[in-house]
**Student:** 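Here's a structure for you.
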Amino acid sequence: MSVKSVLVVASLALSIIIGVVLGKRDSGASSAGPARPADRPLSIGLSLDTLKEARWAKDRDAFKKRAEELGASVTVLSANSDDSTQIKDVESLITSQVDVIVIVPHDGKAMAKGVELAHAAGIPVIAYDRLITGTPLDLYITFDNRRVGALQAEFVLSRFSDRTRDKPLKVVRIYGSKTDNNAFMFKEGQDSALEKPIAEGRVQVLHEDWADDWKPENAKRIMNAALTKFGTDIDAVIASNDGTAGGAIQALREEGVTGKVVVTGQDAELVACQRIVGGEQAMTIYKPVEALARRATEVAVQMAKGKPVIAGAGIDNGSGQVPSIFHDVVTVTKDNIDQTVIADGFHPRDLVYKAAPR
Ligand code: GAL
């Protein structure tokens, strides 16, 4: 039997499992309150970690727009990166008897409690972009996060393909928040590309650290520590997202070496696109969040209606396989920014070609 047919059978099995699970959940086996009045539109609860990074507002707006198109209402709550607030947010969504809850967890482990509370009330839960670990989950929808990391590292390696053991490529690595499962997936992707050249001595990791809460100021602190230890003899900074890239670039600016050091990023934030056009940042990973948010809204509505959802993939979150949907990502540099981010209308051209704020 060919790989393809095995995959088809597996995904069919997966979607059937989803259908079965949801059917059971929706049959009111739970202690949920009275059935939803027929005239009340489907309601979705969207619990966000933060709106600190620009992308989350785009996710939220696209989610709300698609829900409106599908006749569903959405309650959006943002926890400002506080776990107890996010648990309270989920509790209030449960109390307001939403039909399905979509969560971007601040802390993937801590949010298992929120999922268990929702399940106890008979409400299915979707983890959006970031995985929730350690408890059964109805669905996970995100981008191919390991590929994000692999593309970041491969880009840097391609810029220094002439390096050897005698003159190794010197890099600083800035990872994301340790409470975010994605930060580990990005790192794993980077590791997969760097392992061999590191083992062969062609790449030297001078300094590496995790930026708490993805804060640019924490990334700047990490970059300052590297500059203090190694001076400006650094070839590249593998920053896991645009926010941390911005923090590192601030430190590089203070040393007058922006543009000389190759800096990666992720999220195609407007300010990062401006830095790329201006030469201070070399690349970012574009994640079409509107498409992801639209898809997540569609599957949330299906779940709320108790309809089976075709997931097509799966991931182990430490509590068994979670049906999953993975969207692809794109490397963006100044050479293809017009054909990608701008062509998609992610940012207007005139703003991208404006100088980045300093
Ligand atoms: C990650 C997300 C990235 C980045 C980061 C900071 O989970 O996938 O796009 O924005 O969080 O919020």
Side-chain angles (χ1 to χ4, degrees), residues 46-63 76 78-83 86 102-111 126-133 140-152 173-190 209-220 222 238-248 263-273 275 281 283-293 295-296 315 317 324-332 340-341 346-347:
L46 177 58
S47 163
L48 298 175
D49 157 23
T50 176
L51 285 164
K52 180 169 89 267
E53 285 80 26
R55 68 151 289 181
W56 301 116
K58 279 183 184 277
D59 296 86
R60 174 202 59 200
D61 298 346
F63 201 98
V76 182
S78 177
N80 208 14
S81 297
D82 181 82
D83 296 325
Q86 196 162 26
V102 178
I103 303 178
V104 181
H106 169 251
D107 183 320
K109 288 196 190 82
M111 209 25 74
I126 297 174
Y128 182 84
D129 195 84
R130 299 172 178 173
L131 190 59
I132 297 169
T133 55
Y140 177 40
I141 179 166
T142 187
F143 293 97
D144 185 342
N145 297 310
R146 285 194 185 84
R147 184 164 152 70
V148 167
L151 290 172
Q152 290 170 328
R173 301 181 65 182
I174 304 178
Y175 310 121
S177 171
K178 278 191 171 172
T179 62
D180 179 358
N181 187 71
N182 279 354
F184 295 92
M185 295 175 92
F186 302 144
K187 181 179 183 300
E188 282 164 26
Q190 293 166 5
D209 202 347
W210 302 77
D212 291 349
D213 273 344
W214 289 98
K215 287 189 174 149
E217 56 269 35
N218 292 335
K220 182 169 187 293
I222 295 167
I238 303 182
S240 293
N241 80 337
D242 290 337
T244 52
V263 180
T264 69
Q266 171 189 185
D267 291 332
E269 289 183 355
L270 178 57
V271 63
C273 292
R275 291 194 296 253
Q281 185 169 330
M283 63 86 80
T284 187
I285 300 289
Y286 169 43
K287 307 201 295 187
V289 294
E290 275 108 351
L292 190 80
R295 184 81 182 281
I315 191 168
N317 76 337
S324 302
I325 297 172
F326 298 114
H327 280 205
D328 205 359
V329 298
V330 181
T331 297
V332 169
T340 53
V341 170
F346 197 68
H347 298 305

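As the structure lists them, so they are numbered: ligands from 1, and atoms in each ligand from 1. Excluded from the calculations below are hydrogen atoms, water molecules and symmetry mates; all remaining heavy atoms, backbone and side chain alike, are included.
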**Student:** Between the main-chain N or O of Ser240 and the side-chain N or O of Gln152, is there a donor-acceptor pair closer than 3.5 Å?
**Tutor:**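 At least one qualifying donor-acceptor pair exists.
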
**Student:** Does the gap between the ring centers of Trp210 and Phe184 come in under 6.0 Å?
**Tutor:**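 Centroid distance Trp210-Phe184: below 6.0 Å, so yes.
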
**Student:** Assess whether side chain to side chain donor-acceptor pair (under 3.5 Å) is satisfied between Asp180 and Trp214, documenting all intermediate values.
**Tutor:** CA-CA 9 Å; Asp180 179 358; Trp214 289 98; 3.0 Å; yes

**Student:** Can you pull the residues with any heavy atom under 4.0 Å from ligand 1?
**Tutor:**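 Residues near ligand 1: Glu53, Arg55, Trp56, Asp129, Arg130, Asp180, Asn182, Phe186, Trp214, Asn241, Gln266, Asp267, Lys287.
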
**Student:** Is the closest basic N to carboxylate O distance between Lys52 and Asp213 below 4.0 Å?
**Tutor:**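 Asp213 and Lys52: not salt-bridged.
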
**Student:** Show your reasoning for whether side chain to side chain donor-acceptor pair (under 3.5 Å) applies to Asn317 and Thr133.
**Tutor:** CA-CA 5 Å; Asn317 76 337; Thr133 55; over 6 Å; no

**Student:** Between the main-chain N or O of His106 and the side-chain N or O of Gln86, is there a donor-acceptor pair closer than 3.5 Å?
**Tutor:**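 Yes, because the side chain of Gln86 sits within donor-acceptor range (under 3.5 Å) of the backbone of His106.
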
